[in-house]
2 protein chains.
Amino acid sequence: MAEDYPVQLKLEHQLCFALYACSREMTKLYRPFLDELGLTYTQYVTLLVLWEQDNVSVKQLGEHLLLDSGTLTPLLKKLEAMRLVARVRDPKDERSVLVQLTEEGRALRSRAEHIPESVFCQVGLTFEEGGKLRERLQQLVEEMQKR
Amino acid sequence: MAEDYPVQLKLEHQLCFALYACSREMTKLYRPFLDELGLTYTQYVTLLVLWEQDNVSVKQLGEHLLLDSGTLTPLLKKLEAMRLVARVRDPKDERSVLVQLTEEGRALRSRAEHIPESVFCQVGLTFEEGGKLRERLQQLVEEMQKR
DNA sequence: CTCATATTAATTGCATGCAATTTAATTGTG
DNA sequence: CACAATTAAATTGCATGCAATTAATATGAG
């Protein structure tokens with residue numbers, strides 16, 4: 001490698017790449033657990049939102065997950081085909097589609113409850129460390145969304 | 001929302017989601033700069049590796065980027081079609097494909113050099129803070145890869 | 001040397017992400 | 001009220017990611 005290679009372009013110095021790599025590796029750790037539930041990672045986080053608050057619009061889901069209808073519509077149709085959610089037009093605003101958990105979708109929650117802790121243990125993070133890192137990342141997301 | 005909702009499943013408490021969201025938002029900040037160069041984010045990080053070390057195999061690229069040939073092969077074919085790289089079989093091991101920058105690919109580097117700093121400024125991170133966060137994420141990636 | 005094993009890319013199939021466009025419904029203004 | 005502007009999903013098109021399989025080449029144990 002040339003000695004005069006500009007330091008600011010080195011892959012090792014890129015925060016963006018550290019985030020990108022870390023996110024993908026984390027998702028890989030979830031995969032075996034999610035496979036047991038027959039869920040993809042994105043389907044899983046969508047259910048996390050719904051387990052917290054049922055009967056939310058696609059728009060609201062997108063605001064929580066930072067995803068748009070281009071990603072959510074096909075994903076929700078799959079969850080619907082799996083009988084985990086129902087999609088119904090909001091009678092009060094026919095533009096909106098409300099996503100509602102089915103009994104089966106609600107029931108799946110108990111089988112998912114152990115997953116975050118299982119993954120957390122695997123990476124050897126203390127609750128303290130993980131929380132700090134998460135808060136730092138959440139700050140950064142907020143900062144970036146202002147732009 | 002039910003008061004007894006299990007705290008460990010709240011989206012806000014998930015490190016995995018903070019990483020996932022932060023990585024995607026960061027990539028969005030890069031997009032306008034990369035659009036100017038006609039590159040996607042993944043093409044960009046691939047070039048970061050090549051600018052540091054030219055003439056590397058697909059396998060080596062994958063080790064740096066944590067990507068497999070399923071992702072890299074089509075991406076490299078696109079970079080080849082854009083005349084930024086060449087793909088040649090390694091004469092010493094015909095199983096390997098070596099990726100080499102073209103003159104044009106090498107030249108693109110000078111137009112990319114300002115990008116990391118431009119993005120960094122936008123997010124309002126000090127060099128110090130960004131570096132610490134990056135190192136923490138790199139540690140975490142290493143930890144996860146052991147599993 | 002030889003053939004089973006391992007390694008490297010390429011291919012295939014599926015599920016995202018996201019920009020851009022389209023369609024349908026609602027809202028605000030004169 | 002009429003209608004332009006806005007909003008919410010859906011659709012389309014393209015580029016990943018990644019598991020699984022395949023094809024070609026290299027390696028190593030006997």
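Bear in mind that the values here come from a model prediction, so they are computed numbers and not experimental data. Quick note on labels: first sequence line is chain A, next is B, and so on, each numbered from 1.
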Position toward the 5' end of DNA chain D (nearest nucleotide), B/D90 or A/K28: A/K28
In whole Å, what is the span from the CG atom of A/L65 to the C1' atom of C/dG17? 12 Å
For a quick check of understanding: with a heavy-atom distance under 4.0 Å over all strands, which category does B/L75 fall into, base, sugar-phosphate or nothing? sugar-phosphate
Hey, is the side chain of B/Q60 poking within less than 4.0 Å of OP1 or OP2 on C/dT8, counting only N and O atoms? no
Tell me whether the OP1 or OP2 atom of C/dT16 has a side-chain N or O from A/T40 closer than 4.0 Å. yes
A/S96 has its side chain closest, among D/dC18, D/dA8, D/dA15, to D/dA8
Any N or O donor-acceptor pair linking the side chain of A/S69 to the base of D/dA10 at under 3.5 Å? yes
Taking 4.0 angstrom as the limit, do A/E80 and A/R87 come out as a salt bridge? yes
At 4.0 Å (heavy atoms only), tell me whether A/D68 reaches a base, stays on the sugar-phosphate, or touches nothing. base
Sugar-phosphate, base or nothing in reach of B/T27, heavy atoms under 4.0 Å: nothing
So does A/R95 get a side-chain nitrogen or oxygen closer than 4.0 Å to the phosphate oxygens (OP1/OP2) of C/dT27? no
C/dA9 OP1/OP2 closer than 4.0 Å to side-chain N/O of B/S57: yes
Relative to the 5' end of DNA chain C, which residue comes earlier, A/P74 or A/D93, by the nucleotide with the nearest heavy atom? A/P74
Compare side-chain N and O positions of B/K92 against OP1 and OP2 of D/dT25 and report whether any pair is under 4.0 Å apart. no
Using whole Å, what does the distance between atom C1' of nucleotide C/dT16 and atom OH of A/Y30 come to? 18 Å
Pair A/K146 + A/E143: basic N to acidic O under 4.0 Å: yes
Just to confirm, is there a sub-4.0 Å distance from OP1 or OP2 of D/dA15 to any side-chain nitrogen or oxygen of B/Y41? no
B/E25/B/K28 ion pair, N-O < 4.0 Å: yes
Count the heavy atoms of every other residue, nucleotide or ligand shown that sit under 6.0 Å from CD of A/E117, and state whether that count exceeds 12. no
Rounded to whole angstrom units, what separation is found between the CG atom of A/L66 and the C1' atom of C/dT16? 15 Å
A/V97 side chain: which of D/dA9, D/dT11, C/dA10 is closest? D/dA9
Checking D/dA26, D/dT11, C/dT16 against the side chain of B/E94 (C-beta onward), the nearest is D/dA26
I'd like to know if B/R106 pairs up with B/E103 as an ion pair, taking the criterion as any Lys NZ or Arg NE/NH1/NH2 lying under 4.0 Å from an Asp or Glu carboxylate oxygen. yes
Tell me whether the OP1 or OP2 atom of D/dA9 has a side-chain N or O from A/R89 closer than 4.0 Å. no
Euclidean distance, atom CG of residue B/L72 to atom C1' of C/dT8 [Å, nearest integer]: 12 Å
Using OP1 and OP2 only, check whether a side-chain N or O of B/T71 sits under 4.0 Å from D/dG17. no
Heavy atoms under 4.0 Å, any strand shown: does B/L98 hit a base, just sugar-phosphate, or nothing? nothing
Taking the cut-offs as 6.0 angstrom to the six-membered ring centre and 45 degrees off its axis, would you call A/R31 and A/F33 a cation-pi pair? no
Side chain of B/K59 only, please: which of C/dA19, C/dT8, D/dT11 is the nearest? C/dT8
Identify whether any heavy atom of B/L61 sits under 4.0 Å from a base atom; if not, whether one sits that close to sugar-phosphate; answer base, sugar-phosphate or nothing. nothing
Expressed in angstrom and rounded to an integer, what is the separation of B/R31 atom CZ from D/dT16 atom P? 11 Å
Do the side-chain N or O atoms of B/K78 get closer than 4.0 angstrom to the phosphate oxygens (OP1, OP2) of D/dT16? yes
